[in-house]
2 protein chains.
Amino acid sequence: MQKVTINVVAKHAGVSKKTVSRVLNDEPNVSQSTKQKVTDAFNELGYRPSPQARGLATNQSFLIGLVYDNPNKSYVSDIQTGALEICDKNGYHLLIHPTDHESEQSLTGIDSLITESRLDGLVLTPPFSDMKSLLEMLDSRKIAYVRIGATVMESDSLCVISNDVQAAYQMTRYLISLGHVQIGFIKGHIDHNVSEQRFQGYCSALEEAGIEINSDYIQQGDFRFTSGEDCGRRLLGLASPPTAIFASNDYMAAGVLKVASQRRIMIPHELSVVGFDNAPICEYLWPSLTTIKQPVRAMASQAVNILIENIREKGSSHEKRQLDGELIVRESSAPLRV
Amino acid sequence: MQKVTINVVAKHAGVSKKTVSRVLNDEPNVSQSTKQKVTDAFNELGYRPSPQARGLATNQSFLIGLVYDNPNKSYVSDIQTGALEICDKNGYHLLIHPTDHESEQSLTGIDSLITESRLDGLVLTPPFSDMKSLLEMLDSRKIAYVRIGATVMESDSLCVISNDVQAAYQMTRYLISLGHVQIGFIKGHIDHNVSEQRFQGYCSALEEAGIEINSDYIQQGDFRFTSGEDCGRRLLGLASPPTAIFASNDYMAAGVLKVASQRRIMIPHELSVVGFDNAPICEYLWPSLTTIKQPVRAMASQAVNILIENIREKGSSHEKRQLDGELIVRESSAPLRV
DNA sequence: TTGCTAATTGACACCGGTGTCAGTATGTGC
DNA sequence: GCACATACTGACACCGGTGTCAATTAGCAA
């Protein structure tokens with residue numbers, strides 16, 4: 001069984017290889033009858049065009065790079081799944097590129113990834129979505145890219161973001177609807193723009209409900225488990241502690257759960273604790289964690305979708321899309337006990 | 001700034017493109033002076049050879065596929081990290097291919113991945129490592145592959161495995177050393193060969209210590225959180241419950257923790273609970289979980305290492321490697337209270 | 001039927017590298 | 001000095017597709 005090349009197909013169908021190429025690419029000006037002959041030959045021979053040769057001729061690689069630096073393995077996995085789904089559908093492949101965003105080499109690493117692999121496009125996740133030097137490099141090299149979860153807007157780039165303000169607002173309203181008034185909040189890492197957005201959602205829900213914002217109830221965390229413990233300890237140590245705590249992510253919420261458990265505080269009866277992100281731990285904690293599920297996977301697939309569209313149309317579109325999060329109620333939240 | 005091809009380099013260095021190619025591939029029979037000229041040209045022009053063209057000429061793709069179907073995102077992430085590390089070092093790229101091992105299409109999916117992307121090699125993770133139909137297909141198509149965590153041995157294939165028997169033995173010995181004699185065990189999914197291996201390790205440690213194996217203490221789980229709950233409930237409901245429970249993975253151990261917590265059983269003072277795998281939840285649970293850390297990442301990098309070696313040497317080696325796990329002691333285990 | 005436009009097809013160069021092989025330069029033993 | 005092996009080097013075809021452009025065929029009005 002020798003290799004089935006375009007020449008073999010052409011001979012088999014009795015046409016020139018250029019005509020085979022035309023059928024392959026759905027080009028116009030091919031008669032129905034020849035098209036049929038060629039298609040039959042495809043099937044009979046089990047022909048698969050070589051992406052290498054194709055790429056060499058068209059200066060494409062059918063490769064899309066995914067850049068990330070996220071310790072949250074679940075997030076990365078969801079992003080990959082969403083991206084792959086669309087890549088597969090369109091005959092593209094995904095090259096994953098985890099890299100340390102604080103390292104000097106991350107930029108040159110991405111640079112050489114592009115030149116070496118001849119990437120057709122790049123998917124950026126936070127914090128790369130907002131990394132100015134990177135965006136400038138990509139712009140100057142005219143590489144197509146799409147930014148996921150970017151907070152700094154630029155008019156001429158593709159972008160898919162989640163509505164964190166709205167999600168945090170929704171969560172806070174939910175807690176209020178349970179009767180809570182004393183609601184603590186643990187902020188995320190100060191460098192991450194989403195931290196501010198989530199805090200904003202919290203604030204606007206309180207304001208809307210006419211609840212005064214108590215600065216004692218607001219603690220600065222950094223998205224890590226241990227910071228959740230610290231902030232939880234401070235909140236629960238207050239003279240008049242909150243009856244509900246909203247942590248900006250699930251790991252910090254888990255930290256609060258631990259502290260509460262150590263102090264024999266019954267959750268959710270004495271205290272409601274909620275998180276953000278729907279990390280896998282939510283289900284394995286006891287009690288399981290009420291949280292916001294981010295449309296991570298959907299964001300990734302939409303991102304790749306508009307990226308591929310953009311590649312095909314040579315950068316004509318500048319689409320931006322925004323997706324909403326979803327409230328997932330589990331065991332860690334309950335109505336306020338009167 | 002036009003594209004820097006091999007022709008440009010050749011002109012710049014004043015040699016033929018073939019000579020440039022020789023330097024590129026470290027071929028013999030190039031004089032020191034020419035080599036220097038060409039190398040200088042490389043640097044001055046920032047030349048990067050096109051993998052597409054190279055691949056077209058040599059019938060290689062410099063692409064390695066990674067096949068998996070594992071709901072454990074942390075495991076997948078570690079595998080990817082380990083594999084990528086070595087790929088990068090050797091100028092290969094990794095194509096990830098998650099697929100449902102129970103689906104009929106998984107086999108054809110892998111098949112078309114190979115033909116379409118012209119993969120140079122494949123890394124298989126469980127359960128694909130032991131999927132006979134897949135291995136036969138790869139053998140007949142003469143695709144190089146390496147199996148991670150395979151349990152069925154075949155003499156002529158590359159293989160990297162972990163020593164689960166030894167790890168489970170080590171864990172059980174640790175519990176015994178704490179003074180425990182009544183040690184419960186929750187078996188893993190009956191279809192996974194590692195389940196039996198872990199159970200074996202448990203048994204042999206007990207035997208060695210002269211502790212009789214009590215069949216009441218052995219429960220059949222399926223690696224899932226809920227099965228951990230069920231088995232935990234049964235074990236703790238015994239007239240003479242165990243003082244330590246060894247679950248075959250961390251999720252089931254988390255289930256036991258939940259049940260214990262609901263029953264107000266103090267861990268680790270009244271009951272030691274240990275898991276296996278070192279999943280991320282170990283650190284976020286309270287108390288944090290004593291477990292076995294599998295050398296997942298190292299296994300992946302070694303796998304890719306021997307795979308690439310094999311590709312280069314045209315399948316001459318049939319190496320097998322075995323790596324040991326590591327006991328990680330956290331808060332969930334303590335000496336038996338007398 | 002003729003003339004003209006539009007649709008269809010194929011010859012051939014080219015993408016950017018590598019393999020083959022023949023040609024030239026260099027070194028060695030006599 | 002010569003014969004010969006050995007070290008370098010480059011011309012050219014080729015990998016498997018696509019782009020260009022010219023040639024052929026078909027369709028249709030006059």
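Because the structure is predicted, anything quoted here is derived from the model rather than measured. Just so it is clear: chains get the letters A, B, ... in the order the sequence lines come, proteins before strands, and each one is counted from 1.
- The side chain of A:Thr34 places an N or O atom within less than 4.0 Å of a non-bridging phosphate oxygen (OP1 or OP2) of C:dT9.
- Across all strands shown, B:Asn7 has no heavy atoms under 4.0 Å from either base or sugar-phosphate atoms.
- We find that A:Arg321 and A:Glu319 are joined by a salt bridge, their nearest charged nitrogen and carboxylate oxygen being less than 4.0 Å apart.
- Distances shorter than 4.0 Å separate some side-chain N or O of A:Thr19 from OP1 or OP2 on C:dG10.
- The base of C:dG16 lies outside donor-acceptor range of the side chain of A:Arg118, with no N or O pair under 3.5 Å.
- Heavy-atom distances to DNA chain D give each of B:Val15 and B:Leu56 a nearest nucleotide, and the one nearer the 5′ end belongs to B:Val15.
- Side-chain atoms of B:Tyr145 and B:Asn310 include no donor-acceptor pair closer than 3.5 Å.
- Residue B:Asn25 places at least one side-chain N or O closer than 4.0 Å to OP1 or OP2 of C:dT18.
- Both B:Asn59 and B:Val30 sit near DNA chain D, but only B:Val30 has its closest nucleotide nearer the 5' end.
- Rounding to whole angstrom units, NZ of residue A:Lys37 and C1' of C:dT8 are separated by 12 Å.
- Atom-to-atom, CD of A:Glu27 to P of C:dG10 comes out at 14 Å; the value is rounded to the nearest Å.
- Along DNA chain C, the nucleotide nearest B:Lys17 and the nucleotide nearest A:Lys18 are compared for position; the residue whose nucleotide lies closer to the 5' end is A:Lys18.
- In this structure, CZ of B:Arg48 is placed 22 Å from P of C:dC15, rounded to the nearest angstrom.
- In this structure, A:Ile6 atom CD1 and C:dC14 atom C1' are separated by 15 Å, rounded to whole Å.
- For the pair B:Ser50 and C:dG16, the criterion of a side-chain N or O lying under 4.0 Å from OP1 or OP2 is not met.
- Side-chain atoms of B:Ser112 and B:Thr115, non-hydrogen and from C-beta on, do get closer than 4.5 Å to each other.
- Rounded to an integer number of Å, the gap from B:Asn29 CG to D:dA5 P is 17 Å.
- Ion pairing between a basic and an acidic side chain is recognised when a charged N comes within 4.0 Å of a carboxylate O; A:Lys35 and A:Asp26 show such pairing.
- For C:dT9, one of the phosphate oxygens OP1 or OP2 lies less than 4.0 angstrom from a side-chain nitrogen or oxygen of A:Ser31.
- Nucleotide C:dG16 holds its P atom 14 Å from the CD atom of A:Gln60, rounded to whole Å.
- The CD atom of B:Gln52 sits 13 Å away from the P atom of D:dT18 (whole-angstrom rounding).
- Listed nucleotides: D:dG10, D:dG17, C:dG10. Nearest to the side chain of B:Arg22: D:dG10.
- Between C:dG19, D:dG16, C:dG17, one nucleotide has an atom nearer to the side chain of A:Ala57 than all others, and that is D:dG16.
- Summarising the geometry, the separation between CG on A:Asp26 and C1' on D:dT18 is reported as 15 Å, rounded to the nearest angstrom.
- Counting only N and O atoms by type, the side chains of A:Gln294 and A:Tyr75 include no donor and acceptor under 3.5 Å apart.
- Under a 3.5 Å cut-off, the side chain of B:Ser21 and the backbone N or O of B:Lys17 do not form any donor-acceptor pair.
- Contact between the side-chain N/O atoms of B:Ser16 and the OP1/OP2 oxygens of D:dA11 is not found at any separation under 4.0 Å.
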